Structure formats: structure tokens, C-alpha cells
Amino acid sequence: MKILTIIGARPQFIKAAAVSREIAKHSEITEILVHTGQHYDTNMSDIFFEQMSIPKPQYHLDIAGLSHGAMTGRMLEKIEAVLLKERPDWVMVYGDTNSTLAGALAAAKLHIPVAHVEAGLRSFNMKMPEEINRILTDRISSLLLCPTSTAVQNLKLEGYDKIGSRVVICGDVMQDAVFFYSDKEQCPGDVMGIDLNEYFILATIHRAENTDDPARLSNIASALSEINHSIPVLLPLHPRTRAKLQEYGIELDATVIDPVGYLEMIYLLKRCRMVMSDSGGLQKEAYFFLKPCITLREETEWVELIHGGYNMLAGSDKTKIINSFHSMLNRSIVDQDNLYGGGDASSKIVVELLK
Ligand code: UDP
């Protein structure tokens with residue numbers, strides 16, 4: 001069996017690392033990796049391949065830094081050429097980026113079955129590019145690999161039990177990654193101004209709805225700057241956010257460092273007091289490491305974290321963020337729900353592919 005996996009963005013490298021390791025245990029499966037190039041900086045791409053021992057992609061499409069339409073269109077064209085050459089039995093895509101949609105669409109048009117890892121997630125906010133990508137990808141996938149029962153339920157409500165695609169719950173591959181890598185943490189080196197053995201807040205901001213809106217970005221920066229006066233805030237900053245802060249002239253009084261690798265992130269997650277982020281992946285990782293989390297968005301796909309009291313939605317309103325910070329600061333997180341499976345999502349995925 002030949003599986004062609006399409007990845008291109010940071011969270012996809014992390015998810016694919018877990019699944020590719022499982023695929024490699026099966027001699028009857030050949031995996032071809034295609035990197036679209038969507039994330040290309042060393043610390044947004046190469047570092048994950050090195051740290052997580054992801055095999056070197058057989059194809060690198062070098063498509064980055066374009067508008068959504070141009071990027072998706074070029075990916076579609078180049079992925080189609082690869083698919084015509086390789087003729088895989090499955091195309092596997094992850095999550096909700098332009099690389100996900102382009103990969104799924106190119107495959108579906110060639111009648112190659114698509115397996116979608118992280119199927120069924122919904123924010124119900126159609127302004128998010130990710131929501132558009134995930135809805136369209138789900139619709140043209142043959143195998144919908146859902147991380148949670150909420151995701152299965154979302155698909156059911158959209159009528160997926162009647163359209164002939166296979167919907168399976170398999171848990172979250174990010175849980176697999178944490179189980180495998182959590183004892184391989186790496187200290188990010190000297191972080192000026194913060195003692196990583198003392199209390200600090202780990203924050204990230206990268207989502208377009210925050211970075212592309214000067215008012216939202218300014219409110220978040222102002223809230224983090226104020227919090228930084230009571231507990232140091234450490235912000236490994238996405239290049240897009242750095243550029244936007246500069247473009248809008250927004251001040252941020254926190255310890256800003258370049259994006260770090262996954263093993264450094266694990267080090268920081270283990271030691272931080274709390275996570276504040278608009279990242280999907282980080283919301284779950286905060287829960288895996290039993291840290292309270294504040295989500296800097298109006299809604300989340302990972303609703304079970306909110307219902308379980310592990311996470312609080314604060315949006316971009318400064319007062320709301322600061323109030324949420326105070327109410328979550330001393331909350332002790334005990335996992336009573338095992339929300340994302342037992343760390344065996346990757347092996348369940350491979351079983352489904354082999355069926
Ligand atoms: N991450 C990382 N280095 C960083 C920031 C994030 O390794 O400097 C990891 C994080 O631990 C998580 C993943 O990247 O595993 C989340 O990716 P991102 O926030 O870019 O995307 P999202 O999850 O929102 O789709």
C-alpha cells in the first residue's frame with residue numbers, strides 16, 4: 001500500500017511525526033511525504049524534522065508567502081502532478097491549512113481516496129480560513145479520522161452518516177506525540193529576563209483573526225503587557241505576528257523570543273504556570289501538561305476543554321483577558337476526563353487505512 005502524506009505547516013509536522021512513526025512499523029506500507037513549503041523558516045519547519053526524526057520529504061513544493069487563493073491554487077497544480085506520478089492508494093492530510101485543502105482537492109478530483117486526520121472539528125466561524133478548509137476537506141474525504149466524540153457528532157449533524165464516507169473516532173495524534181516526546185524535552189537556552197524555574201506564563205499568538213486586526217492585536221498585547229508586570233510572560237513569537245506588531249506599531253512588554261522547536265515547547269509547557277494562546281494545538285497541550293489555559297479567541301473547536309473547566313475563552317477584550325487570568329491563575333488542573341484518547345490514535349489510524 002502506498003500512502004502519500006501532505007504536510008506544510010508547523011502543527012502538521014508534529015501530527016505527522018506521530019503517524020509516520022507508526023506507518024514505518026508496517027513493512028507493507030510505503031509512505032511518500034510531500035512538503036508544500038507553506039511554513040519554511042528553519043524554526044517553523046526544519047527543526048521539527050530534525051527533532052522529531054521525520055523522514056526527509058520526497059517532494060518539496062516550495063510554495064509560500066502568497067495570498068490564500070494563489071497559494072492554494074499553486075499547491076493544487078503541483079500536488080496534482082505528484083499524484084499523477086505516484087498514484088498512491090491513499091492521500092493523507094492533516095488539520096485545516098491551505099495545504100490540507102489543496103491536497104484533499106487534488107486527490108479527490110483524481111478519485112484517490114483521502115484520509116483526513118482531525119476531521120469533524122468546527123468553530124462555526126466561517127470567517128476563519130481554517131473553518132473553510134476543514135469543512136471542504138471533510139466533504140471530499142473518504143475516511144474521516146475524528147479526534148473526539150464532539151467531532152463525530154458535528155459530522156452527524158451535517159448528515160455524514162448518509163453520504164457514504166467512513167467516520168471513525170481514533171483520539172488525538174497530538175496526545176501520541178506528547179507521550180512519545182515528553183521525556184525528550186530540551187531547554188531553550190538562556191531566555192533573557194526570565195527564570196524558567198520560577199512562575200511564568202507561556203503565550204503564543206498567530207491566528208489571522210488576531211494578527212490581521214490591529215484593534216484585537218493591540219488589546220491582546222496590552223493585556224499581556226499588564227500581566228507581565230505580575231508574572232513574566234514568555235512569548236515565542238510567530239513570524240507573522242512579529243511582522244504585524246511592527247507594521248501596526250504596537251508595543252508589547254513581554255519576553256519575546258523566536259519560535260522554538262517542539263522539544264523546547266515541551267520544556268516550557270512542563271514549567272509554565274499557565275498558557276495563554278490562540279493556538280489550537282497549544283490548548284490541548286496545556287491540558288496534557290495539566291496547566292490552566294486561556295484561549296485568546298471568541299470560540300474554540302476544542303469545546304470539551306471549556307466544558308471541563310480546563311480552559312477559558314477570553315477573546316481579545318483586555319478586561320476579559322485580565323479577569324480570566326486572575327480566575328485561572330490558581331486553578332489546579334486534574335485530568336478527570338481523558339478527553340483525547342490513550343495515545344494510540346496513530347495506530348488506530350493505520351488500522352483504518354489498512355482496512
Ligand atoms: N509550537 C512549537 N513552537 C512554538 C510554538 C508552537 O513547537 O514556538 C508547537 C505547539 O507546541 C503545538 C503546535 O506548535 O504543538 C501548534 O501549532 P500552531 O500553534 O502553529 O498551530 P495550530 O495548532 O493553532 O493549528
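Atom set for the values below is all heavy atoms of this structure, side chains included, hydrogens, waters and symmetry mates excluded. Atoms within each ligand, like the ligands themselves, are counted from 1 in listed order. Just so you know, these numbers come straight off a predicted model, no measurement behind them.
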Lys/Arg-Asp/Glu bridge criterion (N-O < 4.0 Å) met for E247, K244: yes

R207 to ligand 1, any heavy atom closer than 4.0 Å: yes

Residue and atom name of the nearest protein heavy atom (relative to atom 21 (O) of ligand 1), distance in Å to one decimal: P11 CG, 3.4 Å

Under-4.0 Å heavy-atom contact with ligand 1, by part of E285 that carries it: side chain

Residue pair D62 / H35, side-chain donor-acceptor N/O under 3.5 Å: no

Heavy atom of H238, distance to ligand 1 below 4.0 Å: no

Residue that, paired with K284, satisfies salt bridge (Lys or Arg N to Asp or Glu O under 4.0 Å) out of E301, E118, E304: E118

Which residue and heavy atom of the protein sit nearest atom 5 (C) of ligand 1, plus the separation: R10 NH1, 3.2 Å

Which segment of V260 sits under 4.0 Å of ligand 1 when only heavy atoms are counted: both

E226 and K318 ion-paired at < 4.0 Å: yes

Any N/O pair G281/ligand 1 closer than 3.5 Å: yes

For atom 13 (C) of ligand 1, closest protein heavy-atom neighbour: I14 CD1, 3.6 Å

Short N-O contact, R122 and E158, less than 4.0 angstrom: yes

Among I63, L105, N98, L66, side-chain contact (heavy atoms from CB on, under 4.5 Å) partner for T72: N98

Shortest protein contact, atom 16 (C) of ligand 1 (heavy atom only): S279 OG, 3.7 Å

